[in-house]
Amino acid sequence: MALPRLLWVWLLVAGTQGVRDGDMRLANGDAPNEGRVEIFYGGQWGTVCDNLWDLVDASVVCRALGFENATEALGRAAFGPGTGPIMLDEVQCSGTETSLANCSSLGWLRSNCRHNQDAGVICSNGARLPHPTPQNRHLPAVLAQIFDSQRGCDLTVAVKADDAEPLSLCAHSLILTSNPEAQALWTEPGSTVTMEVDAECLPVVTDFIRYFYSRRIDVALPTVKCLHKLASVFGAQQLQAYCASLFAFLLPEDLSFQTALDLHAYALATRDPTLEELCVQFLAWNFEALTGAEAWPRVPTALLRALLSRSELAVPSELALLTALDAWSREKGAAPGDVEGLVREVRFPMIPPEDLFQLQSNLSLYRSHRALFQEQTLQALEFHTVPLPLLAQLRGLNLSQDAYQPRLYTSPTWSGAVARSSRRSYDSYPYHYGSYSKSYDRYGTGYFQTPQHPSFLFRNSRVSWTLRYLPTVQSCWDYGFSCSSDEVPVLGLFKSGSSDPTIGYENKALMLCGGRFVADVRAFEGGKAEIPSALNANSSRRASFFPCPAGFSSFRGVIRPFYLTNSSGVD
């Protein structure tokens, strides 16, 4: 049979050729997931200089070696100085490359560094995509070359797409049957397998089939949607999961939000609840910017209702949300029935009484839904004027309902901000998350005041808050917190002023990535909020929900009071 003989020849050739330019390894570490970074070029191994070395670059190395990501990017020969040439200097990766050789740099063998600047990494222990073990490290390349040769095949893959020339690929059933992810292809009887794909995805089909041979694939952000779609249709679950993780990188790349809307529609079409939730979460945390974007009127009604149902919706105020909904309704020409359902998701009790009385003159929605607005306004005024015991006992209201819970209000009424250092200017952020704290100092501290509670009954009761960025264990102790070395940096939130036993707080911290978008939201527990790892987590620190290659430049503390209807609460 032609295939085994061809495979044997390739194995012999691969055994004599050894590693290829761009292959990488870790040296001198105490465990397989750490060490000095070494890269192969021109027949020899060399090191990488630590100039501009960061977590993004280190993660490229870790993923190429079969680990999920990097937890530390180390310099100054942390794992000892290497030998041989310094192959690369000033490496700058985007994060999607398969080798440092594909990243921007000064070029091969162009460096003024010495080995006391050798770069190192510590990788997380979890594997991402299956990678060959050291015993069969040449086999993926061999199998990929068998596919690339397009010879010795016993199977034809006929690829059809509307309004495009069909594509015919030569494949080998013996190799495909050894890969469970390729089951949808090799279970079809006969010598021809037919794949029907979208025309836009035709250019990546060859890479997709090649993946079943090598079990490796270079997924770039422009192609991730098509590869995810192919993996979903043809049952390549590991590739599908890998592509899904890259959507978290893709969403923040387009702050016009059109990509998020397109991906959400795609998630519904492919019935992918994970991707659907990813899109909704991104839009919820960045809702304020979404309402000011050109894509705002194009938000589908069902998606908007899903967003308005969330408490973790970042918006300056409930009035700002209602005003944005009014603009959406006018520009979209939404059906009255759809709009009524959306208005019912608005939390009218969170709107101050003075603003409630202005709604009839400021909103076009009021005129078309007068009865509904009057009903919701009366409910809100009752919340603002009736004391808690009467609300809970005589009226029997359930004050734990969403209508009585604040969202993530980013206006200065309910929040304050802090930067990591005084070198960052709050005024530089293109997206405005409310007015920033009234004052801050060079040590990363923000001071602000809020009402004690959203109810009008507490209009004269103020609470003072101090938000601090605590970068070290010592800074935690200085301000009365107990922190371990694995926890820092953290955010600390201090309260002073009047206290009421009927009021609790569930305060949150918004993590702003480079001042551009909200990458994560964390709760203050015991006055502390964990700052996540910007790109990936180690055993003690969870990763940011959305990756942040630029790092977190600033943070916003959001105060969220609520009525305590029993003896327990959060403060």
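Values below: all heavy atoms of this structure, side chains included; hydrogens, waters and symmetry mates excluded. Model, not experiment: these values are computed from the prediction. Note that the numbering runs from 1 along the sequence shown for the chain.
- Residues Lys528 and Glu487 are paired through a salt bridge, judged by an N-O separation under 4.0 Å between the basic side chain and the carboxylate.
- Thr466 meets the side chain to side chain contact (heavy atoms under 4.5 Å, CB included) test with Thr445, Tyr447, Arg468, Phe494; sequence neighbours excluded.
- The ring-ring contact (aromatic ring centres under 6.0 Å, His included) check on Tyr213 picks up Phe147, His172, with sequence neighbours excluded.
- With sequence neighbours left out, Ser111 forms a side chain to side chain donor-acceptor pair (under 3.5 Å) with Asp89.
- Listed by chain and residue number, nothing satisfies the disulfide (SG to SG under 2.5 Å) test with Cys243 (two or more places apart in sequence, or in another chain).
- Note on residues 272-282: pairs passing salt bridge (charged side-chain N to carboxylate O under 4.0 Å, His left out), not counting sequence neighbours, are Glu277-Arg310.
- Shown here are the side chain to side chain donor-acceptor pair (under 3.5 Å) partners of Ser94, two or more places apart in sequence or in another chain: Thr96, Glu97.
- Contacts of Cys279 classified as disulfide (SG to SG under 2.5 Å), with partners at least two apart in sequence or in another chain: none.
- For an aromatic pair to be called close, the ring centres must be under 6.0 Å apart, and Trp414 with Phe448 fails this.
- Screening residues 79-102 for ring pair (Phe, Tyr, Trp, His ring centres under 6.0 Å) gives no qualifying pairs among residues at least two apart or on separate chains.
- Ring-centre distance between Trp285 and Phe517: not below the 6.0 Å cut-off.
- A salt bridge links Lys508 and Glu312; the closest N-O separation between the charged side-chain nitrogens and carboxylate oxygens is under 4.0 Å.
- Annotation: side chain to side chain contact (heavy atoms under 4.5 Å, CB included) contacts of Asp254 (sequence neighbours excluded): Ser256, Gln258, Thr259.
- Listed by first and then second residue, the disulfide (SG to SG under 2.5 Å) pairs that reach into residues 76-105 are Cys93-Cys103, sequence neighbours excluded.
- Residues satisfying the side chain to side chain contact (heavy atoms under 4.5 Å, CB included) test with Ala320, not counting sequence neighbours, are Val315, Pro316, Ser317.
- Partners of Ala293 according to the side chain to side chain contact (heavy atoms under 4.5 Å, CB included) rule, which considers only residues two or more places apart in sequence or in another chain, are Phe257.
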